[in-house]
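Below is one structure; the comments refer to it alone.
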There are 2 protein chains.
Amino acid sequence: MVQPTSAPRNARARAREELTREIVETARIHLTSDGAAGLSLRAVARDLGMVSSAVYRYFPSRDELLTTLIIDAYNSLGETAEQAEAAVKRTDLNGRWLATSRAARNWAVERPHEWALIYGSPVPGYQAPQETVVPATRVTSLLIGILIDAYTTGQTPTPLPVPRAVHASIAPVRDDIPQGIPDDLIIRGLMAWSQLLGVISMELNGQFHNVLTDTDAYFQTAMHRCAIDLGIS
Amino acid sequence: MVQPTSAPRNARARAREELTREIVETARIHLTSDGAAGLSLRAVARDLGMVSSAVYRYFPSRDELLTTLIIDAYNSLGETAEQAEAAVKRTDLNGRWLATSRAARNWAVERPHEWALIYGSPVPGYQAPQETVVPATRVTSLLIGILIDAYTTGQTPTPLPVPRAVHASIAPVRDDIPQGIPDDLIIRGLMAWSQLLGVISMELNGQFHNVLTDTDAYFQTAMHRCAIDLGIS
DNA sequence: CAATACCGAGAGCAGTGCTCTTGACAGTTG
DNA sequence: CAACTGTCAAGAGCACTGCTCTCGGTATTG
């Protein structure tokens, strides 16, 4: 009885699954063209030839649909980055970092609205539920893996002092990584991560207008310098 | 006739100015509590005891009102940062950088929605007009000033190589700074700037949840390390 | 004083998220 | 087979949004 009563319910259940997927797909299309704020349940319903109220059978609210899109976006980005990173030789830490960061940027440039959804200003009135936490960590886990390998192979930069308050502040990070990683390396990792997010977001938000003519070239150099700071270049 | 015809027109004109200011003020209150997407012209009008259509006599569209709020935000942040920076001894480059960055963060933490308005994901469908360009540069001008002083007093880090493509890419920056500043220093300045924006935005967007317990301590250290990288520590 | 420009109020249009009710259908049970 | 139950799409409706247009009154100007 572990198996769900399968045969008879499947007809309905399958139709439901399919329609749910169609709604999400249509919503993502709207998202990529109009952004999160322009995502309209009614418009999605119209595209699917159904009436707006029918959509509420599948998603109890607009926010619920947004949550699905957010999780999908995290997973899409995470998978893209993981594949890029996995294609690099394990010992090439610099290459792994560059592959990861470049994959993230390419993904973001292709889907600016989905990037904004997960790393941009939060949608007002929307509270990210717990289910989004795990997929959100996929990219950072890659970075952590690189740092761990850097530490275990002894490729660490000469550490700068870390104030006591900062040592205490990064306590939550310690729960997710092996013991022994120095504070300094964690700080460098966090700063590389915020550099990555910062540069990508600035590019997408148009902050480099009248500043850079070739954002890609700048990005590569910036990430290269991050690698130097991390001691893996 | 350079003076505007003053006396008789003033009664109406003054009332208009005052009401315009009241609308902006009310709009900013709504902005700080609900965010840009929740800014409703009708709600503003309601608060002011007038009918929604009357507001259109003062702002031809919601976007026009948003533009005013954006310019005000840029100027508010710019002024705050300028004052903080001006209070530091000119020769203390490290102090000037720390004062500027700390002022920016404090301002952002107090007004997260206004920060999101100017540095967050752009409001969909809204195109920032030319008038926003000048006030937007006030904070970066401070940073540029520090870098120029660093260069003229010889406090520059040992430069890393800068690829040709990046040299070409930063051409627009060169139009706003004196000749002679090395490419490497410009790159370092840009990266410090994106580090600053990245860390602040990440904190406001909740990206440090379950990562840092004391974001202020981390921020100070991160900015200190930026100063080291800039060679002004 | 008369003409003009300005202004607030109101109605109205098209759109939004969301709720509630209604009628049709499918699957299960007596 | 008939009755029941759960699910579904559809429609009407509420309160809200940005925005436009018209109307009548008032302040400013020639």
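These numbers were taken from a predicted model, which means no experiment stands behind them. Order of the sequence lines fixes the chain letters, A, B, ..., with proteins taken first and strands second; residue numbering starts at 1 for each chain.
In the set D:dC19, C:dT16, D:dA10, D:dC19 carries the atom at the smallest distance from any side-chain atom of B:Arg42. Among the nucleotides D:dA9, C:dC18, D:dG18, the one closest to the side chain of A:Arg57 is D:dA9. In the set C:dT16, D:dG18, D:dC16, the nucleotide with an atom closest to the side chain of B:Tyr56 is D:dG18. For A:Ser61, the side-chain atoms get nearest to C:dC18 when compared with the rest of D:dA9, D:dC16, C:dC18.
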Determine whether A:Asp34 and A:His113 satisfy the following criterion, side chain to side chain donor-acceptor pair (under 3.5 Å), listing intermediate values before the conclusion.
CA-CA 8 Å; A:Asp34 300 334; A:His113 286 123; over 6 Å; no
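The side chain of A:Arg16 contributes no N or O atom lying less than 4.0 Å from OP1 or OP2 of D:dT7. For B:Arg46 and D:dT17, the shortest distance from a side-chain N or O to OP1 or OP2 is below 4.0 Å.
The distance from atom CG of A:Asp63 to atom C1' of C:dT16 is 14 Å, rounded to the nearest whole Å. One interatomic measurement links the two molecules: CZ of A:Phe59 to P of C:dT19, which rounds to 16 Å at whole-angstrom precision. For the pair A:Met50 CE and D:dG11 C1', the interatomic distance rounds to 14 Å; values are reported in whole Å. Regarding A:Leu19, its CG atom lies at a distance of 16 Å from the P atom of D:dT7, rounded to whole Å. Here C:dC18 presents its C1' atom at 15 Å from CG of A:Leu66, a figure rounded to the nearest Å. Across the protein-nucleic acid pair, B:Leu48 atom CG and C:dA9 atom C1' stand 15 Å apart, rounded to whole Å. Rounding to whole angstrom units, CZ of residue B:Arg14 and C1' of C:dC6 are separated by 18 Å.
No engagement by B:Leu65 is indicated, since no non-hydrogen atom pair under 4.0 Å with the nucleic acid exists. Residue-level contact check: B:Ser40 touches the backbone only, with heavy atoms under 4.0 Å from sugar-phosphate atoms and none from bases. Nucleic acid contact for A:Tyr58: sugar-phosphate only, since backbone atoms but no base atoms lie under 4.0 Å from a heavy atom of the residue.
Note that B:Arg16 lies in the cation-pi zone of B:Tyr58, set by a 6.0 Å cut-off to the ring centre and a 45° limit from the axis.
For the pair B:Leu41/B:Tyr56, a side-chain contact is recorded, criterion being any heavy-atom separation below 4.5 Å from C-beta on.
Under a 4.0 Å N-O distance rule, the pair B:Arg105/B:Asp216 qualifies as a salt bridge.
Between the side chain of A:Ser53 and the base of D:dA9 there is no donor-acceptor pair of N/O atoms closer than 3.5 Å.
Note that the CG atom of A:Asp63 and the OG1 atom of A:Thr67 stand 6.5 Å from one another [nearest 0.5 Å].
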